[in-house]
2 protein chains.
Amino acid sequence: MKKLGTRHENLDFKVYRELKSMIVDRKLKPGDKILQEKIAREFGVSRTPLMCALKKLEQEKLVQAVPRRGFYVRRFTKEEVLEAFELREILEGLAARRAAHIISPAQADRLRGFFRDADLSDSAQSIKRYAEEDRRFHQFLIELGGFDLLNDILENYNIITVSYRIDVMEGLVRHPRETLPEHEALIEAIASGKPEQAEKIARQHFNRSRQQLMKDMLQEKMAGTQRQPA
Amino acid sequence: MKKLGTRHENLDFKVYRELKSMIVDRKLKPGDKILQEKIAREFGVSRTPLMCALKKLEQEKLVQAVPRRGFYVRRFTKEEVLEAFELREILEGLAARRAAHIISPAQADRLRGFFRDADLSDSAQSIKRYAEEDRRFHQFLIELGGFDLLNDILENYNIITVSYRIDVMEGLVRHPRETLPEHEALIEAIASGKPEQAEKIARQHFNRSRQQLMKDMLQEKMAGTQRQPA
DNA sequence: GAATTGAATATTGTATGCAAAAAACACTAA
DNA sequence: TTAGTGTTTTTTGCATACAATATTCAATTC
């Protein structure tokens, strides 16, 4: 018995995806109110599926619902971003551990291909390419070691860490020269099937980025003008 | 400026809570189809807020939506339950670590009160009381060391582990005689402010339960008749 | 001019209506 | 019987309608 039947995709899901990418791409900015009528007209749907989509996004914390007022694009606090990093630290640590457990030789080969010809210069171009490779690498790691529940969580909460500071160094927290050795060590630990080591390295990797982020945030606070409305 | 204003609770949220407890309490059983018209009438609301509530539950994996067919109460696979345990292992490990970091003397006192007068006999009554204490303990641990994101995730996925096998030994996977020393060690590690140790113990605690569960499941498979419909 | 009030307007939360899809049923032919 | 087919009934997905609440803004008072 086949199961390929699910071709009908409900409108609310399409709206959900569209809205989500609008938020991640900053077409809707943090703090913006979401005018249901307007968006619904823009998308050519009624408010019913839009409402559903908004509720979904609320659950993912991308928007905030204020009863009888409406939905607003959420503005993440520094604390939340750091907390999201803390979660990634252990969740991707888990993924790394599992990946090392179950990796196949073919997958190990593919894994070893990541960052092979990384360019560590400071040009915007090379930073950008490294950032892309970084995302692909973490994606592959999750595919390797993840499972449904874990993937769901990571998908939801990576967005918080990604959508913050997207404008600085392509979203990278640390310079490739610093992270490349860590990536290489992680790759080797997973590819050679060392779960404990893989988890440890993955966690260290995120931990260091988190520490760096904390420092950056502190500096920002000292230096700059802080907009932080209610 | 105060902020106590949020008194309006939308209908969909009430429906959501009600449905959720119906599922957890087995008033709606795994596999049951959710007849929207019927439930809506039962709750005295229209299908609109019910729909929203169902979508929320879908995101939490308590129900499954099949487009153009409807919603069904989800039946968890063994794999999923084990995966949920694996998640709890690291997530509550994190909570334990953080708790040990930030615990106050007053909280440490309260923590040490858990399981103080535990009764390790085999009577149904005492097992039941231990299971309740267990839940309260883990809840307190999450309150201590958790944060918003973590709480959300744990709330969702604990349900998977709790709603499975609720009928055997009050949902406990291992006997109190086995888990009590672990609980005591964990309490002491947190109360005396030892983050690394606390995390390690918490993880071991869950890991052992997970191993036990795997064994149990394997035995069930060997022995019993397996209902596992599509 | 600043603060306060209150009507006019806009927006939300929910119920209802309706077309399209799925399920249930009844009837016919092997 | 059983398999197949057309028809009725049910149910879903979505649009729309409407009352209740929020917001806006002009008029009024201090």
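Every value quoted in this text rests on a predicted model; they were computed, and no experiment measured them.
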Peer 1: In this structure, how many angstroms lie between the C1' atom of D:dG13 and the CG atom of A:L50, rounded?
Peer 2: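 Result: 15 Å.
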Peer 1: Specify whether B:H205 and B:H183 have parallel, tilted or perpendicular ring planes, treating 30° as the upper limit for parallel and 60° as the lower limit for perpendicular.
Peer 2: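 Tilted, since the angle between the ring planes falls between 30° and 60°.
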Peer 1: With a 4.0 Å cut-off on heavy atoms, is B:I34 in touch with a base, just the backbone sugar-phosphate, or nothing at all?
Peer 2: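 Here B:I34 touches the backbone only, sparing every base.
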Peer 1: Compare side-chain N and O positions of B:R69 against OP1 and OP2 of C:dA21 and report whether any pair is under 4.0 Å apart.
Peer 2: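 False: B:R69 side-chain N/O out of range (4.0 Å or more) of C:dA21 OP1/OP2.
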Peer 1: Examine B:R110 relative to B:F140 and say whether NZ or CZ is less than 6.0 Å from the centre of the six-membered ring and inside a 45° cone about the ring axis.
Peer 2: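 Judged by the rule, B:R110 and B:F140 form a cation-pi pair.
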Peer 1: If I take atom CG in residue B:L11 and atom C1' in nucleotide C:dA15, what distance separates them, rounded to the nearest angstrom?
Peer 2: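 Atom-to-atom, B:L11 to C:dA15, this comes out as 11 Å.
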Peer 1: I want to confirm an ordering. Mapping A:G44 and A:Y72 to their closest nucleotides on DNA chain D, which one lands closer to the 5' end?
Peer 2: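 So the residue in question is A:G44.
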Peer 1: On the nucleotide D:dC14, are OP1 or OP2 found under 4.0 Å from the side-chain N or O atoms that A:T48 carries?
Peer 2: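 No.
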Peer 1: Please state how far atom CD in B:E58 lies from atom P in D:dG13, giving the value in whole angstrom units.
Peer 2: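 Rounded to the whole Å, the gap is 10 Å.
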Peer 1: Salt bridge or not for B:E86 and A:R98, using N-O below 4.0 Å?
Peer 2: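 A:R98 and B:E86: salt-bridged.
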Peer 1: Please compare A:R47 and A:N10 by the position of their nearest nucleotide in DNA chain D and report the one closer to 5'.
Peer 2: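 It is A:N10 whose nearest nucleotide is closer to the 5' end.
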Peer 1: Measure distances between side-chain N and O atoms of A:R68 and base N and O atoms of D:dT21, and say whether any donor-acceptor pair falls under 3.5 Å.
Peer 2: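 Side chain to base: no pair present.
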Peer 1: In whole Å, what is the span from the CZ atom of B:F43 to the P atom of C:dT14?
Peer 2: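 Computing the B:F43:CZ to C:dT14:P distance gives 15 Å.
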Peer 1: Looking only at the side chain of A:S46 (C-beta and beyond, no hydrogens), which of the listed nucleotides D:dC14, C:dG13, C:dT16 gets closest?
Peer 2: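 Side chain of A:S46 sits closest to D:dC14.
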Peer 1: Hey, is B:D152 close enough to A:K61 for a salt bridge, meaning N to O under 4.0 Å?
Peer 2: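 A salt bridge links B:D152 with A:K61.
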Peer 1: Base, sugar-phosphate, or nothing: which does A:K33 touch, judged by heavy atoms less than 4.0 Å apart?
Peer 2: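 A:K33: backbone/sugar contact only, no base atoms under 4.0 Å.
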Peer 1: What is the distance from CD of A:E37 to P of C:dT9, rounded to the nearest Å?
Peer 2: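 In whole Å, C:dT9 P lies 17 Å from A:E37 CD.
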Peer 1: Just how far, in rounded Å, is P of D:dT12 from CD of B:Q36?
Peer 2: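 So the two atoms are 4 Å apart, to the nearest Å.
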Peer 1: Using whole Å, what does the distance between atom P of nucleotide C:dG13 and atom CD of B:E9 come to?
Peer 2: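 The answer, rounded to whole Å, is 13 Å.
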Peer 1: Between A:R135 and A:E132, does any NZ, NE, NH1 or NH2 come within less than 4.0 Å of an OD or OE carboxylate oxygen?
Peer 2: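 So A:E132 does not pair with A:R135 through a salt bridge.
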Peer 1: Quickly work out the A:R41 CZ to C:dA10 P distance and round it to whole Å.
Peer 2: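 Checked: the CZ to P distance equals 12 Å.
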